[in-house]
Amino acid sequence: MSTILAILLAYLLGSIPSGVWIGKYFYKTDIREYGSGNMGTTNTFRVLGTKAGVIVLIMDILKGSIATLLPIWLGAPIHPLFTGVLAALGHTLPIFAGFRGGKAVATSAGIILAYNPLYFTLAITCFLIYLYFSSMVSFSSITACLSAVVISLFMGDFWLTIVTIALTTYIIIRHRENIGRIRAGTESMVPFGLRYKRKNKE
């Protein structure tokens with residue numbers, strides 16, 4: 001019973017559409033109608049600005065972290081990374097937002113933060129370095145995930161490596177349109193604080 005509860009709660013936590021709720025309740029704006037049309041952290045920064053972006057970033061990270069800790073708190077005989085993955089799935093396919101979700105980067109970061117803080121520190125350092133040199137959140141997210149896969153090979157944790165590979169693959173698939181724009185040289189640079197026009201798909 002505790003396993004079923006952990007699985008259900010993990011998915012529901014991941015399904016909380018942080019960007020959508022913050023936008024609607026505090027800014028009277030549905031961020032899915034602006035910028036890239038995505039409900040995630042990056043588009044929140046684009047559409048609503050830095051303050052809202054930081055709040056949504058924290059909320060999305062916490063979704064992954066709390067979901068990962070659920071088996072410990074509930075005494076459920078399921079690996080913490082598995083419930084974390086369910087939160088990431090919930091973020092991309094949220095029941096509270098018509099199954100139209102984000103790309104699971106921040107939520108995935110929350111998973112590894114709760115599971116292995118050192119691993120999280122190494123991965124986020126890679127992300128920040130890539131972001132500094134590329135100024136592209138999408139490129140930095142993808143390359144940081146790939147770097148995390150390599151780093152995981154040295155962590156001595158079989159399931160960490162397997163889950164990292166699975167999440168990285170899923171995140172890359174979710175970024176397929178961004179990859180196309182990166183190749184075409186039309187991907188947006190760091191958008192923090194900028195406000196985009198309605199349905200501007202850049």
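Just so we're clear, the structure is a prediction, and the values are computed from it rather than from any experiment. For reference, positions follow the sequence shown, starting with 1.
- The backbone N or O of Asn43 lies less than 3.5 Å from no partner atom in the side chain of Asn38, so there is not a single donor-acceptor pair.
- Looking only at side-chain heavy atoms (C-beta outward), Ile182 and Met136 come within less than 4.5 Å of each other.
- A donor-acceptor contact shorter than 3.5 Å links the side chain of Thr143 to the backbone of Ser140.
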Please report the C-alpha distance between Phe45 and Val54 in whole Å, then the side-chain angles of each, then the deciding distance to 0.1 Å, and finally whether the side-chain contact (heavy atoms from CB on, under 4.5 Å) criterion is met. CA-CA 8 Å; Phe45 273 106; Val54 170; 4.0 Å; yes
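- When every heavy atom of Ala123 is checked against every heavy atom of Ile112, the shortest pair comes out as CB-CD1, 4.0 Å.
- Grouping the Ile, Leu, Val, Met, Phe, Trp and Tyr side chains by contacts below 4.5 angstrom, directly or via other members, places Leu122 apart from Phe154.
- Residue Phe96 qualifies as enclosed at atom CZ: its count of foreign heavy atoms under 6.0 Å is above 12.
- Hydrophobic cluster membership for Ile173: none, as no Ile, Leu, Val, Met, Phe, Trp or Tyr side chain comes under 4.5 Å of it.
- Considering only residues two or more places apart in sequence or on other chains, Lys63 meets the salt bridge (charged side-chain N to carboxylate O under 4.0 Å, His left out) condition with Asp60.
- Scanning for side chain to side chain donor-acceptor pair (under 3.5 Å) contacts around Thr92 gives Tyr170, with sequence neighbours left out.
- Evaluation of the ring-ring contact (aromatic ring centres under 6.0 Å, His included) test over residues 117-150, restricted to residues two or more places apart or in two chains, returns none.
- By the 4.5 Å heavy-atom criterion applied to side chains, Thr168 and Ser108 are not counted as neighbours.
- Shown here for Ile171 and Cys145, the closest heavy-atom pair between the two residues is CD1-SG, 3.7 Å.
- For the pair Val47 and Thr29, the minimum side-chain heavy-atom distance is below 4.5 Å.
- Under the 4.5 Å side-chain heavy-atom criterion for Ile, Leu, Val, Met, Phe, Trp and Tyr, Leu13 and Ile72 are members of the same hydrophobic cluster.
- Taking OG of Ser141 as the start and NE2 of His175 as the end, the distance is 4.5 Å to the nearest 0.5 Å.
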Per-pair distances, 0.1 Å, donor-acceptor, side chain in residues 2-12, under 3.5 Å, sequence neighbours excluded:
from	atom 1	to	atom 2	distance (Å)
Tyr11	OH	Leu93	O	2.7
Tyr11	OH	Ile95	N	3.4

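- The distance from atom CG of Leu81 to atom CG of Asn116, rounded to the nearest 0.5 Å, is 9.5 Å.
- The side chain to side chain donor-acceptor pair (under 3.5 Å) test applied to Ser65 returns no partner, not counting sequence neighbours.
- No chain of hydrophobic side-chain contacts below 4.5 Å, direct or via other Ile, Leu, Val, Met, Phe, Trp or Tyr residues, connects Val105 to Ile151.
- Close placement of the Phe82 and Trp159 rings is indicated, their centers lying within 6.0 Å of each other.
- One hydrophobic cluster, built from ILVMFWY side chains closer than 4.5 Å, cannot hold both Val150 and Val163; they sit in different ones.
- With sequence neighbours excluded, the residues forming a side chain to side chain donor-acceptor pair (under 3.5 Å) with Ser138 are Glu187, listed by chain and number.
- Of all the heavy atoms in Ala104 and His91, the pair that sits closest is N-CD2, 3.3 Å.
- How far CD1 of Ile55 is from CH2 of Trp21: 15.0 Å, rounded to the nearest 0.5 Å.
- Among pairs with a residue in residues 77-93, none fulfils salt bridge (charged side-chain N to carboxylate O under 4.0 Å, His left out), at least two apart in sequence or across chains.
- Other members of the hydrophobic cluster containing Ile165, listed by chain and number, are Val149; membership follows side-chain contacts under 4.5 Å among ILVMFWY residues, whether direct or relayed.
- Of all heavy-atom pairs spanning Ala106 and Thr41, the tightest one is CB-OG1, 4.1 Å.
- Ile78 CD1 to Leu74 CG: the interatomic distance, rounded to the nearest 0.5 Å, is 10.5 Å.
- In plain terms, the two heavy atoms of Pro94 and Met39 that are nearest each other are CG-CE, 4.1 Å.
- Remark: Asp30 engages Arg32 in a salt bridge (charged side-chain N to carboxylate O under 4.0 Å, His left out) (not counting sequence neighbours).
- Ile172 belongs to a hydrophobic cluster with Ile142, Leu146, Ile179, counting contacts under 4.5 Å between side-chain heavy atoms of Ile, Leu, Val, Met, Phe, Trp and Tyr, direct or through other members.
- When the options Val56, Leu48, Ile22 are evaluated for a side-chain contact (heavy atoms from CB on, under 4.5 Å) with Ile31, the one that passes is Leu48.
- Taken to the nearest 0.5 Å, the OG1 atom of Thr186 stands 10.0 Å off from the CG atom of Asn178.
- For Tyr115, the ring-ring contact (aromatic ring centres under 6.0 Å, His included) criterion is met by His79, not counting sequence neighbours.
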Assess the residue pair Thr161 and Leu153 against the criterion (side-chain contact (heavy atoms from CB on, under 4.5 Å)); give the C-alpha distance rounded to whole Å, side-chain angles, the decisive distance to 0.1 Å, and a yes or no. CA-CA 6 Å; Thr161 298; Leu153 299 175; 3.7 Å; yes
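- Using modelled atom types, one finds no donor on one side chain facing an acceptor on the other under 3.5 Å when comparing Thr164 with Ser152.
- Between the CD1 atom of Ile162 and the CG atom of Leu167 there is a distance of 11.5 Å, given to the nearest 0.5 Å.
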